[in-house]
S.K.: 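One structure follows; several queries about it will come next.
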Amino acid sequence: MSLRSLLTTGLLAAGALAAPPGYGGSTVTVTVTEKASCSASTSHSTSHSTSHSTSHSTSHSTSKASTPKTYATSTPSSSHSSTSSTLTSSSATSVTTTTSSAANTNASTTILATATSTSYGLNDAAKKAGKLWFGTALDVPGTGEAQDPYYIAEFDNIHDFGEATPANIMKYEFTEPEAGVFNYTGAEEFFTAAAGKAVRCHNLIWSSELPAFITAPTVPWTNATLTAALRRHVTTLVEHFGDRCYSLDVVNEAFSDSPAGAYSANVWYNTIGPAYVVEAFQAASDAVRANNLAVKLYYNDYNIEYLGNKSYAAQALVKDLKNRGIQIDGVGLESHFIAGETPAKAAQQANMEAFTALDVDVVVTELDVRLTLPPTVASESQQVVDYYNTVAACVAVPRCVGIVVWDFDDTYSWIPGTFPGQGYGDLFLQPGGANTPLVRKAPYDGVLEALTGAAEAN
Ligand SMILES: *[C@@H]1O[C@H](CO)[C@@H](O)[C@H](O)[C@H]1NC(C)=O
Ligand SMILES: *[C@@H]1O[C@H](CO)[C@@H](O)[C@H](O)[C@H]1NC(C)=O
Ligand SMILES: *[C@@H]1O[C@H](CO)[C@@H](O)[C@H](O)[C@H]1NC(C)=O
Ligand SMILES: *[C@@H]1O[C@H](CO)[C@@H](O)[C@H](O)[C@H]1NC(C)=O
């Protein structure tokens, strides 16, 4: 679907763009002009309210008036239109409640009921499109989001999220804080929180979030001693987690951006050389076979979402492991994007197909699309298109088996802390801040459109 279609289906029309806290709340005029590179050009002007109380159904009816291909008629037979309206109008209702009629409605009760309702959502649509799930990373336990009932209620909504990725708690420093001393407490709490969902276990070997015994050893590492430590970590966790993990990110971010596709310098590479990646996959592969596990083994990285030297390096790694008879089942395409600087759908699809041609699956593992703050109508509109393109690329590739966003609520996004001045990258926000109702943002609709468009085509 083109940007024009997104415009004419009403995704960018009134009510679809939710303003972040501190921005908006007033009526603005929206003028979105299609990029020159698109085949058909159109412009769309409307009086656009950024107030969250504007209902989505208003935008649908507005768009129906302007195009024969309405949002409602592009939906699958499961009555996406009405269920989507239910979802949106429910969240709109609760926001309206908090802003204008708090006295006579209990907003807390309303939003919690919404999040656990049977509304058609992203995970439902992903399954209908032939994917395993639509999922999210979350940083649980021991964080603010873990304590936020509104956030957790939306995470628990199986209609939106059928998969969960631990943002941090399975990383080395948490799971093996001292040499040979494993701590599963946090990881087990994560599995409990994610009950009923698939879990992409993340990650075993990476350059960051390492314990001091690895980064500052009392006795300097040798190739042999560090390789033994690496193998112990991988083997122990593969065996402990077992098939409770749908997949394991065995090695994370081994390749550099400069020069693109070279190995990054880190404690593993500096001591073991490129062989550390092979050793990690060999240990995981051996543990999977010895224990007759079904868990899938993944390599995960960023800037491998489009063809280029870094993607080629990851492709070469897949070939090398397969040539050695070592198990690798998939490649994770992180997809931390910047609005307006995101590879085109065709570029992402071609890259995915380059991997799947090597007989591995791919997953979009960490999707978010960040903006320079404050958001503008133009950047928010671009963000919808960018989300759409990544999801649509995955939909177009049968062995792209799922899509995972790197958290779903701006309140808890990693982006502002990592990229100062940027943010607003997720699918939901909390206009009232933490511990207040969530509101769907326009990119949610872009994602849903990409997923349901596939269902329509099938
Ligand atoms: C709103 O719901 C909460 C949680 O169920 C409850 O404690 C509170 O008393 C309710 N408030 C009103 C005004 O009904
Ligand atoms: C194990 O991890 C949990 C959760 O991170 C932490 O609260 C606890 O203190 C750790 N236990 C030990 C013995 O380090
Ligand atoms: C470390 O040992 C492995 C296996 O013995 C070998 O393949 C690798 O090249 C060695 N690395 C270095 C830097 O010598
Ligand atoms: C890609 O790698 C090739 C050699 O393998 C090199 O000639 C080329 O400059 C690299 N391109 C980029 C953009 O780094």
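As the structure lists them, so they are numbered: ligands from 1, and atoms in each ligand from 1.
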S.K.: Sort out for me which residue in D407, T411, D409 forms a side-chain hydrogen bond (donor to acceptor under 3.5 Å, both in side chains) with Y151.
M.R.: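 Output: one option passes, namely D407.
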S.K.: Short N/O distance, under 3.5 Å, between N183 and ligand 2?
M.R.: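 Yes - when backbone and side-chain N and O of N183 are compared with those of ligand 2, one distance drops under 3.5 Å.
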S.K.: Below 4.0 angstrom, N of the basic side chain to O of the carboxylate: do D320 and R324 qualify?
M.R.: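 Yes.
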S.K.: With a distance cut-off below 6.0 Å to the six-membered ring centre and an angular limit of 45° from the axis, does K197 pair with F191 as a cation-pi contact?
M.R.: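 No, K197 does not lie over the aromatic ring of F191.
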S.K.: Does K127 make a cation-pi contact with F134 (under 6.0 Å, within 45 degrees of the axis)?
M.R.: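 Because its charged atom misses either the 6.0 Å distance or the 45° angle limit, K127 does not stack over F134.
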S.K.: What's the verdict on salt bridge (Lys or Arg N to Asp or Glu O under 4.0 Å) for D257 and K310, showing C-alpha distance, side-chain angles and the deciding distance?
M.R.: CA-CA 7 Å; D257 293 309; K310 200 167 175 183; 2.9 Å; yes
S.K.: Do NZ/NE/NH1/NH2 and the carboxylate oxygens of E176 and K171 come within less than 4.0 Å?
M.R.: no
S.K.: Which atom pairs, nitrogen or oxygen on both sides, join ligand 3 and the protein at under 3.5 angstrom?
M.R.:
| from | atom 1 | to | atom 2 | distance (Å) |
| --- | --- | --- | --- | --- |
| ligand 3 | 2 (O) | N223 | OD1 | 3.1 |
| ligand 3 | 2 (O) | N223 | ND2 | 2.4 |
| ligand 3 | 11 (N) | N223 | ND2 | 2.7 |
| ligand 3 | 11 (N) | I272 | O | 2.8 |
| ligand 3 | 14 (O) | N223 | ND2 | 3.4 |

